[in-house]
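Every number for a ligand or one of its atoms is a count from 1 in the order of the listing. Because the structure is predicted, anything quoted here is derived from the model rather than measured.
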Amino acid sequence: MQKTFSIIKPDAVKRNLIGHINQMIESSDLKILASKKIYLTKNQAEIFYEVHKDKPFFSSLVEYMTSGPVQVQVLEGENSVARYRKIMGATNPAEAEDGTIRKLYAESIEANSVHGSDSEENAKIEINFFFSGLELA
Ligand code: UDP
Ligand code: MG
């Protein structure tokens, strides 16, 4: 069993899509181990997306991620990191496969409804950034 980290981003929370997205996650046989709604501060969003700090879209991304609440979640299942990335679809919804979350729901390459960890190592870092051991027990 492998854990991964997911965010339902502000555009999706605003449009009442938490339930729809979680239904897609659960029907793909991924377990939602922990889930909470939070409001990211600018500082937290900057730390979370630090790997992109030199990209031209960074400041707009931080502004978007702090524009409303997000639902942060820990998912568990066999090969969950890769499987959740597949369920999410490509970063750019125009390139996402049919039936993926981003194809169905994303508004743009920035407001693309969901985040998912890109490796097991990053999943651990991201889970520990948002959740305590107590919340995962
Ligand atoms: N993003 C953006 N413009 C781009 C590429 C990415 O606004 O040209 C945003 C988008 O919200 C994306 C996030 O930055 O989900 C992180 O980018 P990454 O390349 O890590 O994509 P992901 O791993 O989320 O598919
Ligand atoms: Mg990424």
Side-chain angles (χ1 to χ4, degrees):
M1 283 297 176
Q2 185 183 57
K3 291 185 181 69
T4 191
F5 176 72
S6 156
I7 303 179
I8 302 177
K9 295 182 176 182
D11 66 283
V13 173
K14 270 191 192 108
R15 289 177 289 143
N16 283 355
L17 293 172
I18 295 173
H20 289 271
I21 289 168
N22 279 343
Q23 183 160 17
M24 292 175 74
I25 289 170
E26 290 189 325
S27 48
S28 308
D29 228 14
L30 292 172
K31 195 166 199 70
I32 301 168
L33 264 193
S35 180
K36 61 187 174 187
K37 188 179 278 185
I38 61 171
Y39 209 129
L40 284 176
T41 65
K42 185 165 183 274
N43 188 46
Q44 289 165 344
E46 284 173 350
I47 292 169
F48 181 71
Y49 277 124
E50 186 157 28
V51 62
H52 295 304
K53 67 176 185 301
D54 297 324
K55 306 265 173 65
F57 59 80
F58 181 71
S59 62
S60 175
L61 175 61
V62 168
E63 197 171 310
Y64 154 65
M65 288 299 291
T66 57
S67 66
V70 297
Q71 191 80 15
V72 291
Q73 309 195 121
V74 179
L75 311 181
E76 188 177 63
E78 214 157 302
N79 200 18
S80 64
V81 169
R83 280 177 52 221
Y84 183 52
R85 294 284 303 190
K86 185 136 181 73
I87 297 161
M88 286 165 51
T91 309
N92 184 350
E95 290 162 12
E97 278 181 45
D98 282 347
T100 61
I101 295 170
R102 283 167 164 171
K103 178 70 170 198
L104 278 169
Y105 297 127
E107 295 181 316
S108 66
I109 192 169
E110 177 179 80
N112 60 3
S113 301
V114 281
H115 166 84
S117 308
D118 61 8
S119 67
E120 186 168 32
E121 188 194 353
N122 283 335
K124 284 182 181 149
I125 293 167
E126 292 171 0
I127 289 168
N128 290 330
F129 186 65
F130 287 103
F131 288 91
S132 70
L134 192 66
E135 291 171 297
L136 300 169

Roughly how far apart are [X] [atom1] and [Y] [atom2], rounded to 0.5 Å?
X     : Y      : atom1 : atom2 : answer
Thr4  : His115 : OG1   : NE2   : 7.0 Å
Gln71 : Ile38  : CD    : CD1   : 9.0 Å
Gln73 : Tyr84  : CD    : OH    : 7.0 Å

Provide the number and element of each atom of ligand 1 under 4.0 Å from a heavy atom of Tyr49. 16 (C)
Distance filter under 4.0 Å to Asn112 heavy atoms, resulting ligand 1 atoms: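 Answer for ligand 1: 10 (C), 11 (O), 12 (C), 15 (O).
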Sub-3.5 Å N/O-N/O distance, [X] and ligand 1:
X      : value
His115 : no
Glu110 : yes
Lys9   : yes

If the contact criterion is a heavy-atom separation under 4.0 Å, does Asp118 count as touching ligand 1?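 Asp118: no contact with ligand 1 (<4.0 Å).
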Under 4.0 angstrom from ligand 1, any heavy atom of Arg85? yes
Proximity winner for atom 1 (N) of ligand 1, if only heavy atoms of Phe57, Phe48, Tyr64 are counted: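 The option holding the nearest heavy atom is Phe57.
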From the candidates Asn122, Asp11, Ile109, Val114, the one that places a heavy atom nearest atom 10 (C) of ligand 1: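 Minimum heavy-atom distance to atom 10 (C) of ligand 1 goes to Ile109.
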For [atom], grab the closest protein heavy atom and report residue, atom and distance to one decimal in Å.
atom                    : result
atom 22 (P) of ligand 1 : Thr91 OG1, 3.6 Å
atom 16 (C) of ligand 1 : His52 NE2, 3.5 Å
atom 9 (C) of ligand 1  : Leu61 CD1, 3.7 Å
atom 24 (O) of ligand 1 : Arg102 NH2, 3.0 Å

Output, in order, the C-alpha distance, side-chain angles, deciding distance and verdict of side chain to side chain contact (heavy atoms under 4.5 Å, CB included) for His20 and Leu104. CA-CA 10 Å; His20 289 271; Leu104 278 169; over 6 Å; no
Can you tell me which residue among Arg15, Lys14, Arg102, Lys9 is in a salt bridge (charged side-chain N to carboxylate O under 4.0 Å, His left out) with Glu107? Arg15
Exactly one candidate in Ile127, Ile25, Ile87 meets side chain to side chain contact (heavy atoms under 4.5 Å, CB included) with Leu75; the answer is Ile25
Could you tell me whether Lys36 sits above the aromatic face of Phe131, with NZ or CZ closer than 6.0 angstrom to the six-membered ring centre and within 45 degrees of the axis?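 Judged by the rule (NZ or CZ under 6.0 Å from the ring centre, within 45° of its axis), Lys36 counts as positioned above Phe131.
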Counting distance only, does the side-chain N/O of Asn122 pair as donor-acceptor with the main-chain N or O of Ser117 below 3.5 Å?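 Not confirmed, Asn122 side chain does not pair with Ser117 backbone.
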Under 3.5 Å, side chain of Ser80 to main-chain N/O of Glu76, donor-acceptor pair present? no
